[in-house]
Amino acid sequence: MKLFRYFVILFCFYTSTVVAQYGVRVKSNFENHGQLNNVLHDLYGGSKNLFSPSYEIGVDYWFALKKKRIEFLPELAFAYGNTDITNDVNVNMQRFLFNFHTQIYALDLNEDCNCPTFSKQGPSINKGFFFHVTPGVSFNQTNSSVASSDLIETITEKKSQNLLFHVGLGLGLDLGINDLITLTPMASYYFFSAGSYDIPINQLETTTVNYGFTQLQFQVRAGFRFDYKRSKYGGRRR
C-alpha cells in the first residue's frame with residue numbers, strides 16, 4: 001500500500017508542474033482466474049467465474065514525442081469486483097493500479113502529435129488508430145468469505161494482499177468531439193504476475209493458491225485538452 005501512495009504523490013507532483021492535459025477512463029474487465037475458480041468450484045460447487053465482470057475507473061496525464069506520433073499516458077486507477085460463488089461463498093477484490101500507457105499511431109507515425117485528433121486533416125482512421133503497450137504495477141486485495149450452514153451462522157474470512165506486475169496489449173481509435181474533447185474506445189488484453197490467495201475451508205483450515213491471471217478489458221477514455229484553446233491565441237501547449 002505504501003508503494004501505491006508513492007505513485008500518487010509522484011503523479012500529483014508531476015501533473016501540477018505542467019499544463020493540464022488529462023483523461024478519465026471507465027473500464028469493464030473480464031478476468032480469467034482459472035486455478036482459483038477450479039479450487040472454489042471443487043470446494044463449494046457453483047460455476048461462476050471470478051470478477052467477470054469487474055469495473056475500473058482511472059485518471060491519466062498525457063505527453064508525447066515531438067516528431068513522432070508516440071504518446072505516453074501514465075494513469076492511476078481503481079478496480080472493484082464482487083462474485084457470489086454460491087449463496088454462502090463470496091469473493092471480492094479491490095485493486096489499485098499504476099499504468100504507463102504507450103500509444104503508437106502506426107498509420108500516422110511521422111506526423112506531428114501536438115494537435116487534437118479533431119483538428120487533423122486526412123482520413124480519421126489514419127489519424128486516430130493506435131496500438132498500445134501498457135506495463136504497470138498494482139496492489140491487489142482479495143477477501144474470501146464462507147458462511148457456515150449451522151443453525152448459528154458464522155462467517156469465516158480470509159484476506160490476501162499481493163503486489164502484482166502486469167503488461168497489456170491493445171488497440172484503440174481516437175474520435176474527436178471537438179478541439180478540446182476526444183473520446184477513445186479501446187480493447188486490451190492484460191497478463192498479471194502470480195500471487196498467493198488464501199481460501200477458507202472452515203474456521204480452522206485454509207488452502208493457498210499461487211497463480212497468475214489474465215484479463216480482457218474494454219474501456220472508453222474521455223480526453224480533455226484545455227491547453228489547446230489557449231494555444232490558439234499565441235501560447236504554447238508544452
Side-chain angles (χ1 to χ4, degrees), residues 3-29 53-66 68-80 94-106 108 112-120 127-140 163-192 215-231 237-238:
L3 181 61
F4 180 77
R5 291 174 183 171
Y6 295 149
F7 281 133
V8 173
I9 294 171
L10 181 61
F11 186 85
C12 292
F13 173 78
Y14 177 74
T15 56
S16 67
T17 61
V18 289
V19 178
Q21 304 173 28
Y22 62 92
V24 178
R25 299 169 182 251
V26 179
K27 315 174 191 182
S28 182
N29 304 324
S54 64
Y55 302 98
E56 188 174 326
I57 188 169
V59 293
D60 65 48
Y61 174 77
W62 175 96
F63 64 98
L65 299 181
K66 291 184 178 181
K68 296 288 184 180
R69 287 208 70 200
I70 300 177
E71 303 183 355
F72 307 98
L73 300 96
E75 178 203 15
L76 294 176
F78 172 76
Y80 177 79
Q94 299 180 69
R95 185 178 300 138
F96 300 91
L97 305 98
F98 173 78
N99 296 311
F100 194 86
H101 304 284
T102 300
Q103 296 182 177
I104 303 169
Y105 291 78
D108 195 39
D112 72 281
C113 57
N114 205 25
C115 181
T117 302
F118 186 79
S119 296
K120 289 182 174 292
K127 300 297 182 180
F129 178 79
F130 62 86
F131 299 98
H132 82 80
V133 179
T134 300
V137 62
S138 64
F139 176 78
N140 193 77
L163 183 66
L164 306 176
F165 297 94
H166 59 264
V167 62
L169 304 170
L171 50 84
L173 180 66
D174 291 332
L175 303 172
I177 304 303
N178 53 42
D179 286 344
L180 305 183
I181 301 174
T182 300
L183 293 181
T184 306
M186 284 175 265
S188 312
Y189 199 77
Y190 283 84
F191 302 85
F192 285 77
Q215 178 190 88
L216 176 64
Q217 182 181 90
F218 300 98
Q219 67 171 293
V220 175
R221 176 183 185 268
F224 302 95
R225 295 289 306 271
F226 296 121
D227 61 315
Y228 182 70
K229 185 174 182 179
R230 180 166 61 249
S231 70
R237 289 193 296 279
R238 294 188 295 171

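Listed by chain and number, the residues in a side chain to side chain donor-acceptor pair (under 3.5 Å) with Y189 are T214 (sequence neighbours excluded). Take F131 and apply the side-chain contact (heavy atoms from CB on, under 4.5 Å) test, not counting sequence neighbours, and it matches A106, F129, L171. Contacts of H166 classified as side chain to side chain donor-acceptor pair (under 3.5 Å), with partners at least two apart in sequence or in another chain: N99. Applying the side chain to side chain donor-acceptor pair (under 3.5 Å) criterion to T184, with sequence neighbours excluded, gives D174. In this structure V26 satisfies the side-chain contact (heavy atoms from CB on, under 4.5 Å) test with no other residue, sequence neighbours excluded. For A187, the side-chain contact (heavy atoms from CB on, under 4.5 Å) partners at least two apart in sequence or on another chain are F218. Annotation: ring pair (Phe, Tyr, Trp, His ring centres under 6.0 Å) contacts of Y55 (sequence neighbours excluded): none.
Taking 4.5 Å as the limit, some side-chain heavy atom of R221 sits within range of a side-chain heavy atom of D60. In this structure, the side chains of H101 and R25 come closer than 4.5 Å at one or more pairs of heavy atoms.
Residue F130 comes nearest to G128 through the heavy atom pair CD2-O, 3.4 Å, listed as atom of the first residue, atom of the second, then distance.
To the nearest 0.5 Å, atoms CH2 (W62) and CD (E71) are separated by 5.5 Å.
Residue pairs meeting the salt bridge (charged side-chain N to carboxylate O under 4.0 Å, His left out) criterion with at least one member in residues 163-173, sequence neighbours excluded, do not occur. Applying the salt bridge (charged side-chain N to carboxylate O under 4.0 Å, His left out) test to every pair with at least one member in residues 95-104, sequence neighbours left out, gives these pairs: E31-R95.
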